[in-house]
Protein chains: 2
Amino acid sequence: MNTASESSAQGTRTRDRILSTAARLFSQKGYEHTPLSHVAREAQVSKALILWHFDSKEDLFRAALGRTLEPYYIDVGDLSSLDEGVQITRLIDLYVKFVRDNGYSVRFIVDLIVRQSGPDEVMSQVNELYSLFRDMLAQAIERGRATGRFRADVDPQLDAALLLSTLDGMLMERFIGDEKSPINPEQQIEHLKQTVLGRLLG
Amino acid sequence: MNTASESSAQGTRTRDRILSTAARLFSQKGYEHTPLSHVAREAQVSKALILWHFDSKEDLFRAALGRTLEPYYIDVGDLSSLDEGVQITRLIDLYVKFVRDNGYSVRFIVDLIVRQSGPDEVMSQVNELYSLFRDMLAQAIERGRATGRFRADVDPQLDAALLLSTLDGMLMERFIGDEKSPINPEQQIEHLKQTVLGRLLG
DNA sequence: GTCTATATACAGATAGAC
DNA sequence: GTCTATCTGTATATAGAC
């Protein structure tokens, strides 16, 4: 927040434009490859104005990241009425949809994770979302075991972690863009569902 | 020419030192965060000398990447005499060992993949290794099916791809460094092996 | 082959007018 | 709030002596 007076309706709009422009460019080309001059040009303001609104480039980066992460929540809806096996496949579909909907910014976040260059608060936010999803998987498995629909020897924690790893791996492989692979993603997701259910239902 | 050949021997050693230094620094801190001045200091030469040996920083980068990838091969040894189930677990162990042995450079390569900023020849080399490994998995599964040790309805291609995805996901999660996870990596690998064999053996 | 010195470019950031 | 003009640092790359 700047210390200017309240008569800054125009400034707020401009600030907002800078922010969304920065969020887009950082996501597309990364922090290093996005000079302020580029943000300035796209947002149609001067570099100096950006640095009036934000103390530094890094400050802008943090603010823009917050915006990038805004849509990062998962709306699971109400799963409790569903058969546990369906709950699992529903959660898998949500993961896939999430990755598809947030396309380029997911790549950006993954990049930050790999390079361990993200601000701590962002990383913990991602971590939060991550373990939240794993817990939902674990709970669904636990319920399935409790109701007797799943095998008695499933391990909610381990099986949830295993499934999540597989989903993460499939996400990664989207980045590789392996043309040699004879298998398309949809087919692979389908096979994952069947395999997981095969394991859980025994 | 006498002087030239003496100098040449010296120069080769120096060039080599520049190359290995660059490979190390690029892997550790990335291309952007490794100025030539840093490479020069660590290799104990001048910046100018680096640019005498290599046409540009990017040229140095490509050459250094080649060196980074040198140990990127997988020595599978002779698997054919082993039980197919053991072959699978052996391949899993090789993957894990590979990632552990090549630690920081794997992170670097993954970074290049995610940002799609690697030179084409490097990316295709990685892709080559990748599909090679997947094919080995698929072949082991195929043999297991042929000998009747594995279920008749396993799908070598799909199951190999699924397993590889899981391994990739586990690799990714090493980067996240999730402290909240109640599960350690070894435990998870062990669980993966059991689950995969459970699936294949039926 | 290797160096010092320098050219050139462009990044982030500041000063001050309006 | 927003601009133009400028400062300052640092990057890659070149020139030329040895």
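By convention in this document, chain letters (A, B, ...) are assigned in the order of the sequence lines, proteins followed by strands, and residues within each chain are numbered from 1.
Remark: B:Y72 pairs with B:F98 by the ring pair (Phe, Tyr, Trp, His ring centres under 6.0 Å) rule, at least two apart or across chains. Residues passing the side-chain hydrogen bond (donor to acceptor under 3.5 Å, both in side chains) test with A:R41: none are found, sequence neighbours excluded. Taking A:D153 as the reference, A:R151 meet the side-chain hydrogen bond (donor to acceptor under 3.5 Å, both in side chains) condition, with sequence neighbours excluded.
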Please list each protein N or O that sits under 3.5 Å from an N or O in nucleotides 12-14 of chain D, with the distance.
{"residue": "D:dT12", "atom": "OP1", "partner": "B:K57", "partner atom": "NZ", "Å": "2.9"}
{"residue": "D:dT12", "atom": "OP2", "partner": "B:L36", "partner atom": "N", "Å": "2.9"}
{"residue": "D:dA13", "atom": "OP2", "partner": "B:K57", "partner atom": "N", "Å": "2.7"}

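In this structure, B:E32 places its CD atom 13 Å from C1' of C:dA11, rounding to the nearest Å. Here D:dG1 presents its C1' atom at 12 Å from CZ of A:R17, a figure rounded to the nearest Å. Straight-line distance from the CZ atom of A:F61 to the P atom of C:dG12: 13 Å, rounded to whole Å. In this structure, A:Q44 atom CD and D:dG1 atom C1' are separated by 16 Å, rounded to whole Å. Rounded to an integer number of Å, the gap from CG of A:L49 to C1' of C:dA15 is 15 Å. Here D:dA11 presents its P atom at 15 Å from CG of B:L60, a figure rounded to the nearest Å. Protein atom CG of B:D16 is 13 Å distant from nucleotide atom P of C:dG1, rounded to whole Å. Computed from coordinates, the B:R41 CZ to D:dT10 C1' distance equals 13 Å when rounded to whole Å.
Comparing C:dG1, D:dT2, C:dT4 against the side chain of A:W52 picks out D:dT2 as the nearest.
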In residues 192-202 of chain B, what donor-acceptor pairs under 3.5 Å come from side-chain atoms, sequence neighbours left out?
{"residue": "B:K193", "atom": "NZ", "partner": "B:D93", "partner atom": "OD1", "Å": "2.7"}
{"residue": "B:K193", "atom": "NZ", "partner": "B:D93", "partner atom": "OD2", "Å": "3.4"}
{"residue": "B:T195", "atom": "OG1", "partner": "B:H191", "partner atom": "O", "Å": "2.7"}
{"residue": "B:R199", "atom": "NE", "partner": "B:D159", "partner atom": "OD1", "Å": "3.2"}
{"residue": "B:R199", "atom": "NH2", "partner": "B:D159", "partner atom": "OD1", "Å": "3.3"}
{"residue": "B:R199", "atom": "NH2", "partner": "B:D159", "partner atom": "OD2", "Å": "3.0"}

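Annotation for A:Q44: atom CD does not count as buried by contact number, only 12 or fewer foreign heavy atoms lying within 6.0 Å.
Side chains of A:Y31 and A:D111: no donor on one and acceptor on the other come within 3.5 Å.
Note on B:H53: a side-chain N or O is less than 4.0 Å away from OP1 or OP2 of C:dT2. Note on B:T14: a side-chain N or O is less than 4.0 Å away from OP1 or OP2 of C:dT2.
The list of side chain to side chain donor-acceptor pair (under 3.5 Å) pairs with a residue in residues 21-30 of chain B, not counting sequence neighbours, reads B:R24-B:E42.
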